[in-house]
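Single-structure report; data block below.
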Amino acid sequence: MNKIAFLGLGIMGHNICMNLLKAGYPLTVWNRSSKRAAPLVKAGAQKAATPKEAVADADIVMVMLSDDAAVEEVVFGPDGVLEGVKKGQVVMDLTTVSPKTSLREAKAFHACGVEFLDAPVFGSRGESRDAGLWIVVGGKKKVFDKLAPVFQTISATQHYMGPNGKGSMMKLVGNLLVAMQLEAIGEAMILATKAGLDAKDVLGVVNVTDFKSPIFAGVGDALARRDFSPNFYLKLMLKDANLIAQLAEELNVPIPAAAVVRETIKGAVNKGYGDQNASALIRNLEEQAGVQVKYQD
Ligand code: NAP
């Protein structure tokens, strides 16, 4: 079986690695804070001291970091991935980054004779744990096809979007919809609460109608339980809202509603909710409305 090196053992990376190990892939892991590697080492992974060391012996390199700045350090920085890769390897970056960063990575890896895919994912903590992610990929189709067994090990569906950069573009398009849905369920639940409707009754309608959505169902219930424990950090949602705004600006596309949502997210992060779940953007809206959504006892 192909040897895999995996860099970045956060919420998503940890769960993806567990599934790779379960499937029998020989796995070497690296994380900036090295203690996060411990449960994976216990489950059978090797631990590397640097990204360069991690990738030295791998057939496939997978990267899952927080943002563009982290990719800059881990891929392009000293003792980074680029210093360790060899001709014939394939690198895939699952991080949600700017399409420009994906293109920069592709150029740098191709110059070393290494194939590169931008392969960001949809789904969150639960889907990563259950190998039920949805992956959107940019790069050469033949490389995408070759890596199908790895993608299938960690995801429910795999989507080839076109050349390098297109996976990252699709991820931003999808997250525009996610951000809008968070704002929408927040505004609706706050209005309903102030109108004296019972959150349970409201969700009972929302979850069966022709406007139902898994995001409305999951976030609506967690909101009414006052559970903002992180599956996807709000600070990362702000990073994505900024990337969406950049892409829209480059393409001269008006995204007026997404701009409003970005302001809601920014305000919520400034209020100190960045390390909570992305749904904590709704706390900012609640504070403006002077009401909290919760189930009645
Ligand atoms: P996370 O739990 O915050 O993990 C981030 C990882 O990046 C950690 O391993 C962290 O290392 C590492 N990192 C951050 N800055 C670094 C730097 N400068 N140098 C080296 N390593 C650095 O995030 P996550 O939820 O797993 O998300 C990972 C990526 O997937 C993000 O791009 C996110 O937008 C995307 N995504 C997340 C979800 C979700 O629901 N969580 C869903 C889809 C896509 P340390 O442990 O040392 O901090």
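For ligands, and for the atoms within them, numbers begin at 1 and follow the listed sequence. Positions are given from 1, in the same order as the sequence printed here.
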Please state which part of I11 comes within less than 4.0 Å of ligand 1, counting heavy atoms only: side chain, backbone, both or neither. both
Taking the side chain as every heavy atom from C-beta outward, state whether T95 and S66 have any atom pair closer than 4.5 Å. no
Gap between atom OG of S229 and atom CD of Q276 - 0.5 Å precision: 9.0 Å
Please work out whether any backbone atom (N, CA, C, O) or any side-chain heavy atom from C-beta onward of Y233 is under 4.0 Å from ligand 1, and answer side chain, backbone, both or neither. side chain
Kindly indicate whether the side chain of I282, heavy atoms from C-beta on, has any atom under 4.5 Å from the side chain of I185. yes
Would you mind running through ligand 1 and noting each atom that sits below 4.0 Å from a heavy atom of K239? 31 (C), 32 (O), 33 (C), 34 (O)
Distance filter under 4.0 Å to L9 heavy atoms, resulting ligand 1 atoms: 9 (O)
Using a 4.0 Å cut-off to any heavy atom of S33, which atoms of ligand 1 qualify? 45 (P), 46 (O), 47 (O), 48 (O)
In terms of residue, atom name and distance, what is the protein heavy atom nearest to atom 24 (P) of ligand 1? M12 CG, 3.8 Å
For atom 23 (O) of ligand 1, which protein heavy atom lies nearest, and how many Å away is it? L236 CD1, 3.5 Å
Should F216 and F211 be marked as a ring pair (Phe, Tyr, Trp, His ring centres under 6.0 Å) after you check the CA-CA gap, both sets of side-chain angles, and the distance that decides it? CA-CA 9 Å; F216 289 168; F211 47 88; 7.6 Å; no
Sub-4.5 Å side-chain heavy-atom contact between K107 and N164: no
Starting from the C-alpha separation in whole Å, work towards a yes-or-no answer on side chain to side chain donor-acceptor pair (under 3.5 Å) for Q292 and T193. CA-CA 8 Å; Q292 270 194 0; T193 301; over 6 Å; no
Which is it for N231 and ligand 1 at heavy atoms under 4.0 Å: side chain, backbone, both or neither? backbone
Counting only heavy atoms, which portion of R32 has something under 4.0 Å from ligand 1: side chain, backbone, both, or neither? both
Output yes when a side-chain donor or acceptor of N19 lies under 3.5 Å from a complementary backbone atom of R129, and no otherwise. yes
With the threshold set at under 4.0 angstrom, would you say H14 reaches ligand 1 through any of its heavy atoms? no
Parallel under 30°, tilted from 30 to 60°, perpendicular over 60°: which one fits the rings of F109 and F116? parallel
Between Q158 and Q152, is there a side-chain heavy-atom distance shorter than 4.5 Å? yes
State the atoms of ligand 1, each with its element, that fall below the 4.0 Å cut-off from a heavy-atom position in E73. 18 (N), 19 (N)
Nearest protein heavy atom with distance in Å, relative to atom 40 (O) of ligand 1: S124 OG, 2.5 Å
Considering only protein heavy atoms, which is closest to atom 28 (C) of ligand 1, and at what distance to one decimal place? L65 O, 3.3 Å
Identify whether V71 and L103 are in the same connected component of the hydrophobic contact network (ILVMFWY, side-chain heavy atoms under 4.5 Å). no
Can you name the atoms of ligand 1, numbered from 1 with element, that are less than 4.0 Å from a heavy atom of G123? 40 (O), 42 (C), 43 (C)
Nearest to atom 20 (C) of ligand 1, what protein heavy atom do you find, and at what distance? V74 CG2, 3.3 Å
For atom 46 (O) of ligand 1, which protein heavy atom lies nearest, and how many Å away is it? R36 NH1, 2.7 Å
NZ/NE/NH1/NH2 to OD/OE distance under 4.0 Å, K87 and E115: no
Proximity to ligand 1 by part of T96, non-hydrogen separation under 4.0 Å: both
Cation-pi check, R125 onto F232 ring (under 6.0 Å, within 45° of axis): no
Close side-chain approach of L9 and V29, heavy atoms under 4.5 Å: yes
Check whether more than 12 heavy atoms from other residues, nucleotides or ligands sit under 6.0 Å from atom NZ of K200, and answer yes or no. no
I'd like to know if G8 contacts ligand 1, where contact means a heavy-atom distance under 4.0 Å to any ligand atom. yes
Can you report which non-hydrogen protein atom sits closest to atom 4 (O) of ligand 1, along with the distance? G10 CA, 3.3 Å
Report the member of D67, V121, N277 with the shortest heavy-atom distance to atom 43 (C) of ligand 1. V121
Check for me whether K171 has a heavy atom closer than 4.0 Å to any atom of ligand 1. yes
How far is atom 32 (O) of ligand 1 from its nearest protein heavy atom, and which residue and atom is that? S66 O, 2.9 Å
Does N31 approach ligand 1 within less than 4.0 angstrom via side chain, backbone, both or neither, non-hydrogen atoms only? side chain
